[in-house]
Each structure stands twice: as C-alpha cells, then as structure tokens.
Amino acid sequence: MELDERKVTILKAIIRTYLETGEPVGSRTISKYTDLKLSSATIRNEMSDLEEMGYIIQPHTSAGRIPSDKGYRFYVDQIMQEKEQEVTEVKELMIQRVDRVELVLKRLAQMLANNTNYAAMISGPQYHQNKLKFIQLSKMSENKLLVVTVVEGNLIRNKVVTVQEEISQEEILNLNILLNSSLNGLTIQEINLGVISQLKNKAGAHREVVDLVLGEVAEAIQAEDEELQIYTSGATNIFKYPELSDGEKASQLISTLEKKEMLQELITGGEDSTGIQVYIGNETPIQSMKDCSVVTANYELGEGIRGTIGIIGPKRMDYEKVLSTLKNLMKQLDATYKNEKGDGNEPGQQNGRSD
C-alpha cells in the first residue's frame, strides 16, 4: 500500500493538529480542518490504513490517533524537501537575473557620469532578510549539534553548538518539529518573550537546547547581507574642476571612489519622501570629500530590494540638473523592474566588483 495524495493530506493534518493540541486526533477533528470535504467514515478508513502502514498509532482503545516515529520522519522529510525546492528555485532565478542587473547598473553609472560631468556611484540592490524560513538540528557527536538556519532571501547559516546533555535522534526529531512549527515565518520582533516562554515549556527538559537555537536564529535573522557591491564611473571628471584637481585632493578622491568600504558611508536612507539627500562640504560623511557636494537617492525594486545612487562633484555643481537626473533615473529603474516582473523574473543579489 502506498501513500496517495489523500493519505498524505490526512497524515499532515493529524500531525499538525497533534503538535498544536498534544491530544490524540479523531476523524471528526480532521474532517473540520482539511479541504478534502470527506465524511468522518471515509477519514476513519484512511486513518486505519495509515495505522496499518505504521504512520500513526492509537494509544488507547476508542481514542484518536497520534503520529508514530515513522509518521514524524515522513513529515520532516516532506518539510525539508519543500524547503530545498524553494532554495533551488530562488537560486535559478538569481542566476537568470544576476548578469543583466549588474550590466544595467554599470551602464547607469556611466550614463550618470556622462550626463552630469561628475563622478557617479550605484550600490547593487540588497535583499534585507528578516523572516525565519527553516531550522534543522542534526547530531554531530555525543554533545554537539549542527544548527542549520534558513532565513528569508535564502541566507543559510550553519553553526555547531555544544550541549550539556546527550540527546537521542528521536528527541532531535521532535525538537525539529517543535521549532519549525513554532517559529517558521516569524521576524525577530515576533519571536517575543511569550513565544519563547511557550516554546521552552513545550521543550521541557531540552530548554537549554532551545536557548542555544534561539541565539543562532537571532544572529541569522540579523546577519549582514552578502558583500555590498558598488559600481562607479567618471572618476576622472573631477579633473575638470580646478578646486578639485589639485594633485593631493584629486588623488584622495580617486582613491575613495575605488574603495567601496569608504563609499558605504553614503549608503544611507534619505530624509525626505523621495529618498534624496544632499551633502554639502563638511556635511559629507567622508573626509576626502569635504571639498565636494554629494547627492544620493535611494532606489527600490520592490520586496525589500533596494540600493543607493550617488553623484559626487564640486560644491558649485548644477544641483537642479543633478536632482532632475536622479529623479528621472529612479523612475526608469521602477519601470524596468515592473517590466522584468512581467517576464516572471525577480531581482537577486549581485556578485561583482567596482569599476
């Protein structure tokens, strides 16, 4: 006898209900919570088959059923398979998009430099992860566990933790189910004291393990994105302005434009609704740009994917032209993103380097 789609749905419903209530699950309960629209009698027959196959057990006569170890194993394997499929699909979309987005950003930086006669920079879009997607605990040795945490954006964090107690494979399986059913889809703000307290109560003797895992979850959710990419163009334009073309000043400016760790000081949010910020002279956060004006604008491609565009020039720059150029560029990026969405592609994180 094999598990068909109906049996799988009923088995999942039994396990999820049991995880929520801790009580044996009857056919009438399942008939209320599934979309099968089956009678209690039909569900009872399916549950009998599942019991015969070893996926559920009946702890007492006339009681409902609870999952067996085999049932738990099937449930966890299903979750892992679904998550792996999600990661694969996202990776494929990222591969399709990465070269095109990188090329577009480099060309935009060149266009900005040519149109304004100033230096230009564009940071690659960053996806800000903040929701937990999946946790898996695996036994490495007697007192060591591997904690694998996957957060939104498919950032994966692996960490080996040391526990003071020996945990069986069955206990690890139950902890995996408990952690995923309690935490999946939550942000760090939503994993509050109430959630943590309830989780520890359910974990019982394994409260310490839950503490360690929650620490890893917090670090993974708050982890920095992959290395920030910044594309620059027009550095030599600064020689067109006498006040910036002094040998030492020019050398410092060009050096700054080549070091993205310094340019990261400009990757901040704007103060007004347009996301545009103007830094004049000493207002500029970068020391080597104190004789310059810097105008930055935030662009957003939707779903938390955003970056920064910047123009660096003399304090006597044509502010009206620069602001107009940036606003038009932001509109173009928005239009480009909408067109790409129509093709069924999503923007991804970038892997490149500054020009």
Side-chain angles (χ1 to χ4, degrees), residues 1-86 131-138 150 152 167-187 190-207 209-210 213-214 217:
M1 189 183 301
E2 295 183 358
L3 279 179
D4 55 29
E5 184 177 349
R6 190 161 74 182
K7 285 184 174 62
V8 169
T9 303
I10 291 174
L11 176 58
K12 285 182 176 180
I14 292 171
I15 295 175
R16 287 170 183 156
T17 304
Y18 181 68
L19 288 174
E20 291 174 3
T21 66
E23 299 291 335
V25 183
S27 57
R28 291 188 62 185
T29 301
I30 296 303
S31 67
K32 296 175 183 177
Y33 290 101
T34 69
D35 297 326
L36 295 176
K37 298 181 180 178
L38 299 174
S39 66
S40 295
T42 301
I43 293 176
R44 277 197 299 273
N45 290 335
E46 295 287 3
M47 290 173 71
S48 295
D49 289 342
L50 288 169
E51 186 176 1
E52 184 179 339
M53 297 166 71
Y55 288 101
I56 56 176
I57 58 178
Q58 189 174 27
H60 307 290
T61 306
S62 302
R65 269 72 164 186
I66 64 173
S68 65
D69 288 354
K70 183 178 179 181
Y72 280 133
R73 168 51 59 193
F74 177 83
Y75 183 66
V76 171
D77 288 347
Q78 284 275 302
I79 293 175
M80 292 175 63
Q81 184 177 347
E82 290 169 3
K83 298 302 177 183
E84 286 173 2
Q85 181 62 31
E86 285 182 17
K131 288 186 179 180
L132 179 67
K133 291 188 69 175
F134 183 60
I135 303 171
Q136 182 179 355
L137 307 182
S138 301
V150 183
E152 192 174 66
I167 305 178
S168 68
Q169 292 292 351
E170 181 181 355
E171 289 170 324
I172 290 173
L173 175 61
N174 290 336
L175 280 172
N176 275 325
I177 294 171
L178 173 62
L179 289 164
N180 282 287
S181 62
S182 301
L183 301 177
N184 280 6
L186 298 184
T187 64
E190 291 169 335
I191 304 177
N192 53 34
L193 291 176
V195 172
I196 294 172
S197 176
Q198 187 177 31
L199 189 56
K200 287 184 176 180
N201 288 337
K202 290 182 178 179
H206 302 303
R207 295 167 64 93
V209 178
V210 169
V213 172
L214 287 174
V217 168

Engineer: Which residue pairs pass the ring-ring contact (aromatic ring centres under 6.0 Å, His included) test when at least one of the two sits in residues 44-80, sequence neighbours left out?
Structural biologist: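 Matches after skipping sequence neighbours: Y55-F74.
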Engineer: Measure the spacing between CD of Q136 and CG of L173 and express it to the nearest 0.5 Å.
Structural biologist: 10.0 Å
Engineer: Is there a side-chain contact between I56 and E51, using heavy atoms and a 4.5 Å cut-off?
Structural biologist: yes
Engineer: For residues L137 and V209, determine if any side-chain heavy atom of one lies less than 4.5 Å from a side-chain heavy atom of the other.
Structural biologist: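 When only atoms from C-beta onward are counted, V209 and L137 do touch, with a gap below 4.5 Å.
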Engineer: Return the minimal non-hydrogen interatomic distance between L132 and L183, and the atom names on each side.
Structural biologist: CD2-CB, 3.5 Å
Engineer: What's the spacing between S182 OG and K202 NZ if we round to 0.5 Å?
Structural biologist: 5.0 Å
Engineer: Mind checking the CG-NE2 spacing from L175 to H206? Nearest 0.5 Å is all I need.
Structural biologist: 5.5 Å
Engineer: Looking only at heavy atoms, what is the nearest atom pair of I57 and S68, with distance?
Structural biologist: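 Closest pair (atom of I57, atom of S68, distance): CG2-CB, 4.1 Å.
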Engineer: List the atom of A203, the atom of V210, and the distance in Å for their closest heavy-atom pair.
Structural biologist: CB-CG2, 3.4 Å
Engineer: Holding to side chain to side chain donor-acceptor pair (under 3.5 Å), I want the full list of residues that pass it with S40, two or more places apart in sequence or in another chain.
Structural biologist: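 Counting only residues at least two positions away or on another chain, S40 forms no side chain to side chain donor-acceptor pair (under 3.5 Å).
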Engineer: Please find the pair of heavy atoms, one from I66 and one from P24, that lie closest to each other, and give the distance.
Structural biologist: CG2-CA, 3.7 Å
Engineer: Heavy atoms only: give me the nearest V8-Q78 pair and the separation to one decimal.
Structural biologist: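 Scanning both residues, the minimum pair turns out to be CG1-OE1, 4.4 Å.
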Engineer: Hey, is CD on Q58 packed in by over 12 heavy atoms from elsewhere, all under 6.0 Å?
Structural biologist: yes
Engineer: Would you compute the distance between atom CG of L50 and atom NZ of K70 and round it to the nearest 0.5 angstrom?
Structural biologist: 10.0 Å
Engineer: Within this structure, what is the CD1-NZ distance for the pair I30 and K12, rounded to the nearest 0.5 Å?
Structural biologist: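 Rounded to the nearest 0.5 Å, the CD1-NZ separation comes out at 13.5 Å.
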Engineer: In this structure, which one of L11, I15, T17 forms a side chain to side chain contact (heavy atoms under 4.5 Å, CB included) with P67?
Structural biologist: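 Considering L11, I15, T17, a side chain to side chain contact (heavy atoms under 4.5 Å, CB included) with P67 is found only for I15.
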Engineer: Going by heavy atoms in the side chains, are R6 and T42 under 4.5 Å from each other?
Structural biologist: yes
Engineer: Would you indicate whether the side-chain heavy atoms of I196 and I191 approach each other to under 4.5 Å?
Structural biologist: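 Yes, at least one pair of side-chain atoms sits under 4.5 Å.
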Engineer: Search all heavy atoms of L179 against all heavy atoms of I135 and return the closest pair with its distance.
Structural biologist: CB-CD1, 4.1 Å
Engineer: Please round to the nearest 0.5 Å and tell me the distance separating atom NZ of K7 and atom CD of E46.
Structural biologist: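 If I round to the nearest 0.5 Å, the distance is 4.0 Å.
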